[in-house]
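Note that the structure is a prediction, hence the values are computed from the model and not measured. By convention in this document, chain letters (A, B, ...) are assigned in the order of the sequence lines, proteins followed by strands, and residues within each chain are numbered from 1.
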Amino acid sequence: MDDTNQSMSMIQAINSALDVMMERDDGVTIMGEDVGFFGGVFRATAGLQAKYGTHRVFDTPITECGIIGVAIGMGAYGLRPVPEIQFADYIYPALDQLVSEAARLRYRSAGEFTAPITVRSPFGGGIFGGQTHSQSPEGIFTHCSGLKTIIPSTPYDAKGLLIAAIEDNDPVIFFEPKRIYNGPFHGHYDRPAVSWAGHAAAQVPTGYYRIELGKANVVREGSDVTILCYGTMVHVVLEAIAEAGDVDAEVVDLRSLIPLDIDTITASVNKTGRCLIVHEATRTSGFGAELSALVQERCFHALEAPIARVTGFDTPYPHSLEWAYFPGPVRIREALKKVMKD
Amino acid sequence: MDDTNQSMSMIQAINSALDVMMERDDGVTIMGEDVGFFGGVFRATAGLQAKYGTHRVFDTPITECGIIGVAIGMGAYGLRPVPEIQFADYIYPALDQLVSEAARLRYRSAGEFTAPITVRSPFGGGIFGGQTHSQSPEGIFTHCSGLKTIIPSTPYDAKGLLIAAIEDNDPVIFFEPKRIYNGPFHGHYDRPAVSWAGHAAAQVPTGYYRIELGKANVVREGSDVTILCYGTMVHVVLEAIAEAGDVDAEVVDLRSLIPLDIDTITASVNKTGRCLIVHEATRTSGFGAELSALVQERCFHALEAPIARVTGFDTPYPHSLEWAYFPGPVRIREALKKVMKD
Amino acid sequence: MTPESPRPNQATPNQPALQLYVPEPPARPGEEADFIHIDVPPAGIVPRPDIASAPADMREFPFTMIRVLDEAGAAVGEWNPDLTPDLLRTMLRSMALTRAFDERMFRAQRQGKTSFYVKCRGEEAVAVAAAYALDDKDMLFPSYRQQGLLIARDWSLVDMMNQIYSNREDRLKGRQLPVMYSVKEAGFFSISGNLTTQYPQAVGWAMASAARGDTRIAAAWCGEGSTAEGDFHSACTFASVYRAPVVLNVVNNQWAISSFSGFAGGENTTFAARGLGYGIASLRVDGNDPLAVYAATKWAAERARGNHGATLIEHVTYRAEGHSTSDDPTVYRSAGEPNAWPLGDPINRLQQHLTAIGEWDQARHAAMDTELAEQVRAAQKLAEKNGTLGHGLHHSMDSMFEGVFEDMPWHLAEQRQEMLDEWRAAGL
Amino acid sequence: MTPESPRPNQATPNQPALQLYVPEPPARPGEEADFIHIDVPPAGIVPRPDIASAPADMREFPFTMIRVLDEAGAAVGEWNPDLTPDLLRTMLRSMALTRAFDERMFRAQRQGKTSFYVKCRGEEAVAVAAAYALDDKDMLFPSYRQQGLLIARDWSLVDMMNQIYSNREDRLKGRQLPVMYSVKEAGFFSISGNLTTQYPQAVGWAMASAARGDTRIAAAWCGEGSTAEGDFHSACTFASVYRAPVVLNVVNNQWAISSFSGFAGGENTTFAARGLGYGIASLRVDGNDPLAVYAATKWAAERARGNHGATLIEHVTYRAEGHSTSDDPTVYRSAGEPNAWPLGDPINRLQQHLTAIGEWDQARHAAMDTELAEQVRAAQKLAEKNGTLGHGLHHSMDSMFEGVFEDMPWHLAEQRQEMLDEWRAAGL
Ligand SMILES: Cc1ncc(C[n+]2csc(CCOP(=O)(O)OP(=O)(O)O)c2C)c(N)n1
Ligand SMILES: Cc1ncc(C[n+]2csc(CCOP(=O)(O)OP(=O)(O)O)c2C)c(N)n1
Ligand SMILES: [Mg+2]
Ligand SMILES: [Mg+2]
């Protein structure tokens, strides 16, 4: 482990993770729409084609089905493809290749063939992107056996988790909360944007390190209530707690949805007796439902109030009404009050 | 309403629903792989092409994406397409057209264009169909705003619900539990198959009738525990209760996942104080998770024990190990014991 | 490499090492632009087949280019549609209005009045000329870059701007990204943000129209990059199998964001050739020649109306500016490209033609430009009275819950109430 | 019709009513079979281009048919691969073994020993001849109907049967539907139940091989019906763009379950023509002529090895029996079809050729058939010792939870425990 630290934004940390892994493993291959010469519409792959060549970093035709299908074939050959889906909203044409193929290849071939691919994709709202640049489809992937689903919330985690995902021999869906690529976002769209500079988790080692998949991070200890969240919402939740002032909440940043760190979750809820779940995705059958089910199955007798969910509403993502839709500090604060009262 | 009744299997009831609707509304148009001359691999559309012509019942190229995309266009024109996806396992290539297009067309065009399509598809296991003829992907659709998801458990319900689905002006995913097309199945694969003949719900009116979408059916009243289930599982659950003997369970056949009959569910759980959820789909992030979350959010103070789930395991559907995978009477009975004890 | 990955087989004289070919555009920033790979045949040389021709008898059409306007601005050859000067002027005006509208809305985005805008500069003929070649009642399934269709169909600029601003008069209630119009009244289908999904939908609409004995046909557009999506293939397959009355347009503007057309397969054949694979009649036209676009569209429309099946048309054109307001093309393509582009500008070319036939002059053109700029400015003023994005007037927050379904189910009603309660509780 | 649906436009002399065309096969049950639409050119007339030919110079190949064996059983023309009698006999034997295996396993399914089986009768040449034309180390991405590949690569019949029986020696642990083999050792990719997904995977494998400077190429197979899936299009697009060293085979056996090839677009052009659309070299061969299949595959393989790019090959053949054990073709197609089929039977044709050149005779053929039947019977006996589906020996129930991931996560371990506890509690 190289322990020189450097201040990085999340996008820089992701770029660094890719760079480190391309350097270490010549099977790591990046592909996707506009990821090559241009370096990606969010610049995640900037500079990598120039450094590693077009054989290892290349633009693709605009077919998400093809991108994933081809990546699976490359993975079966023995490479470690890291395909990018330009926006998570465009992952659906690839769904069959992901859930029927990548997710099941190891199983159905009894380990003869595997799909060690890491699918990177920016997800989530907060950028006025409308219905097709804002979605949070992570719940779907958590329902499909054979896929891991990872979502970082800081530059440090993004790099360590992405490296672990690429090294993983199973397919990983790596959703990047695009709203916090360039700075943490606390949910107040009307306040000036802040950058990552100065944030503790923006101090990122320049070299190789990994964060084990399946380990949550308790980003704030507390005794009143457990808040389960991930991605952008971690920052919004922290802001809401700060604004509420009077609730000593424990905040668990899941980081890994599958595999889930159930021990950290149950330990926390057993301690606090209350639980609030926050995600941007639509509510019904979102990952929050699974979290709620798991928590009540395991912490039933410890629970003092119903587990509550603050989520995106069950509508398509509405362009101009984004800030009513987005689960911001107001909604979280109000939900906290309710959970504490019940 | 024509009130001549006739004994019908589920597949006959579905065929009858299609026939009745094609007769009543010349916009109803059936399309899909092998649905035309052949009448479908399960015979659901048998005889309809001969009766209504190739313009209204036709075979299609093998592209689920195309089938749904074309159906959406026909729906936007003003027809009421009823596309068939041969097996629910093959619906993924159509996912983008379903969730990004059909589900959002009304919303994004503010009602100018709609997709009044009913997507029929056989789903579920129990037929030694292996990984790609056995899946239960309903959970995914319940997560996507703008789609209704319907699952019948008897011939009577299948016809009434399918008619209501076709008449609905929004897109409906209509999953047909193929294991019970030709007879109810109680979960004992090693006992002789039974036919629908003689089953009360196999008495089906030959004419038009509808069952409102969004209304559950309490198929067994009871006071000890509420069991939420749908499709094939309704029959397996009833069998498990009969075998258990000592539990007075109330069985709610949801019939409609979206919209959900929340009032019937909460009334029942508030009465019994216990809740078991049963489905064939894989557990994590399945619709059972949403049911569990909803029930604990609404019936928290009435609950005497944790809500439990009996589901398919989180693996691909294993061909030869089907009867260990399938949530049969043994598993349900054991879960019931646990729920009653806790 | 994964643990189980094998070593590559050693190359031998009989079996040389394989090599991965990765396309490269002719020029990157700092290099000289070069369109030598685009073969430009003289105008007028391509014959015009009968509209009932079998696709098998038309296999050479994807490999040439239908061009009507020659270098001097004369309309020549069998494809010359012989339009009246009035119609030519109307087309010129619609193209110029499209461009004026684009300029203004691009600026509005830069001024923070909206989140997003997409121009079609250089590609105006593709949409505008097609609109005039089709019937007003034919159904259009566009991508985000065919605003010219709406403008040619005389749709209200204010209405379009209301959508761009997501303001209180936006008929789409602020739900859609700017430029994702939906105008049923003008036969303009709701634009999707997901590429090429409109293609099979257009085919389905056309099949429905045919099944009902209607006379209306459908037309769809997608970019050359978008042809790679599976939806394109589904659409072409259905269009071929059922001989659907649909015109499938591929707008080859050479770029898909930063990816040149080679990444869509453009190095190995034309995009019109895609149609050959399905046995669909396929034409390739100079997309910056409004008369050629008009003529090809007319041919395809007549073919469809005569129950002779679908046509695929590749329009060879050039995206003269960035992909959208989110894009900066100087980062990935040669700055010299717009000038090196061999097919000129569609507005200039029609202007030249009208001038050549004595039906137009410099002064009238300048007057038109001034008038159109004024028209757009006036429309903008009206639209902005209804609000701009993030500034004041918009649809009510709780309208968000409407229209997901025809009737609002309980869970949405409950979520709406939850939202209203939270606001109230928070004192907002 | 929906509430908002418009009335169709009235037809006029200028605008006749549109009609929806829906394909119909030439014959249905009770009608006389007819393959007049399949044009069969004489053997030997198609020239053999250089393996480095540009696709643009080969555009006529999709519209003819490469045939080597003439009616008398002579091998003629430029495509004659000049194989040794030994290799010809080996090919014959593999085809006959494939057929014997099919017969036996079909019967095993009928006897309730397994849930499902798929025969390839009449199509044996497509897989077997290709296997010999490729290198043993080339990677194969088959559909469920290319069991001939495995047999030609001398894979163990017992191992295949173990899979079909899902028994305790099934290397796939009973997880997969019968016939969905996976044999890495034989370069045979895990078969998917979802159609055409293997196509882009094959292209990806080939691209990886090229990127690594390997010498191994890939080959994929799908049915003509499966060409309609978006995956086919993605694969062809990638194969074209990156000139991937891959052979893409379309097995046109005229039927996709009950749908004749017209529903995949076969009425309007050939399936080989699909390749034209991408600028991929495309060949169309008599799929029941083992020498033609061999020669075309060899050409494509050499082309790929020489870094000249991908080839698409349509194999014109006929599915002589039902789709699978779940299917009864007499319900939807004319009973006379197998006899009317103009390209004969691949085993008969190779037998005829070997006999014609004096390298084979009736007696040897009969002896071979007897020997192969015995070989299959013996294999079956061995396999059945390991169990048949639903009868005794199989992998342990809890093996179900293994191999979902490389390492079992807690939730699967917990579910496994739950299952075991439930059984125990139930006294099972
Ligand atoms: C399914 C999907 N994938 C990716 C995108 C992102 N995207 C938007 S526009 C675009 C490029 C399209 O290029 P082209 O089809 O050539 O059309 P043009 O923009 O040139 O008009 C891409 C990749 C998308 N909108 N939808
Ligand atoms: C994605 C998907 N859709 C549908 C099916 C159902 N299905 C299985 S085989 C088949 C027909 C395939 O026909 P073809 O491609 O011609 O191959 P053949 O069986 O003739 O070899 C169909 C529709 C499937 N397996 N996967
Ligand atoms: Mg383009
Ligand atoms: Mg076939």
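Annotation: cation-pi geometry satisfied between C:R175 and B:Y107 (NZ/CZ under 6.0 angstrom from ring centroid, within 45° of ring axis). For the pair B:R24 and B:Y208, the cation sits on the ring face: its NZ or CZ lies under 6.0 Å from the ring centre, inside 45° of the axis.
No side-chain donor-acceptor contact under 3.5 Å links B:Q135 and B:Y90. Counting only N and O atoms by type, the side chains of C:R145 and C:H323 include a donor and acceptor under 3.5 Å apart. Inspection of the B:R106 and B:N169 side chains reveals no N or O donor paired with an N or O acceptor under 3.5 Å.
Taking OG1 of C:T197 as the reference point, atom CZ of B:R104 lies at 10.0 Å (rounded to 0.5 Å). Atom-to-atom distance recorded for B:H143:NE2 and B:F287:CZ is 12.5 Å, nearest 0.5 angstrom. Atoms CD1 and CD1, from B:I68 and B:I72 in turn, are 7.0 Å apart once rounded to the nearest 0.5 Å.
Between chain C and the options B:T63, B:L260, B:D170, heavy-atom pairs under 4.5 Å are most frequent for B:D170. By number of non-hydrogen pairs under 4.5 angstrom with chain B, the leading residue of C:F141, C:Y242, C:Y199 is C:Y242. Counting heavy-atom pairs closer than 4.5 Å to chain C, the top residue among B:E101, B:H55, B:E64 is B:E101. Residue with the most contacts toward chain C among B:R108, B:M31, B:M74: B:R108 (heavy-atom pairs, distance under 4.5 Å). Interface remark: of the candidates B:D168, B:I262, B:D263, B:I258, B:I262 forms the most heavy-atom pairs closer than 4.5 Å to chain C. By number of non-hydrogen pairs under 4.5 angstrom with chain B, the leading residue of C:A235, C:A211, C:S192 is C:S192.
Annotation for C:P142 and C:F189: closest pair CD-O, 3.8 Å, computed over non-hydrogen atoms. C:S282 and C:G275 get closest at one heavy-atom pair: OG-CA, 3.2 Å.
A salt bridge is absent between C:E224 and C:R274; no separation between the charged side-chain nitrogens and carboxylate oxygens falls under 4.0 Å. The pair C:D214-C:R212 fails the salt-bridge criterion, with no side-chain N (NZ, NE, NH1 or NH2) lying under 4.0 Å from an Asp/Glu carboxylate O. A salt bridge is absent between B:E138 and B:K148: the closest approach of a Lys/Arg side-chain nitrogen to an acidic carboxylate oxygen does not fall below 4.0 angstrom. Salt-bridge check for C:R153 with C:D138: failed, with every basic side-chain N at 4.0 Å or more from each acidic carboxylate O.
Near-neighbour residues of residues 398-407 of chain C relative to chain B, defined by a heavy atom under 4.5 Å from a heavy atom of that chain, comprise C:M400, C:E402, C:G403, C:V404, C:F405, C:E406. Applying a 4.5 Å heavy-atom cutoff, the residues of residues 156-172 of chain C that approach chain B are C:R171, C:L172.
Side-chain atoms of B:E297 do not come within 3.5 Å of backbone N or O of B:V295 as any donor-acceptor pair.
Looking at C:I191, the atoms closer than 4.5 Å to chain B (heavy atoms on both sides) all sit in the backbone: N, CA, C or O. In this structure, chain C has no heavy atom under 4.5 Å from any part of B:T29. Heavy-atom distances place the side chain of C:E414, and not its backbone, under 4.5 Å from chain B. If you measure heavy-atom distances from C:M180 to chain B, you find no contacts under 4.5 Å at all. Contacts of C:P200 with chain B are made by both backbone and side-chain atoms, with heavy-atom separations under 4.5 Å. Only the backbone of C:F188 comes within less than 4.5 Å of a heavy atom in chain B; its side chain stays farther off.
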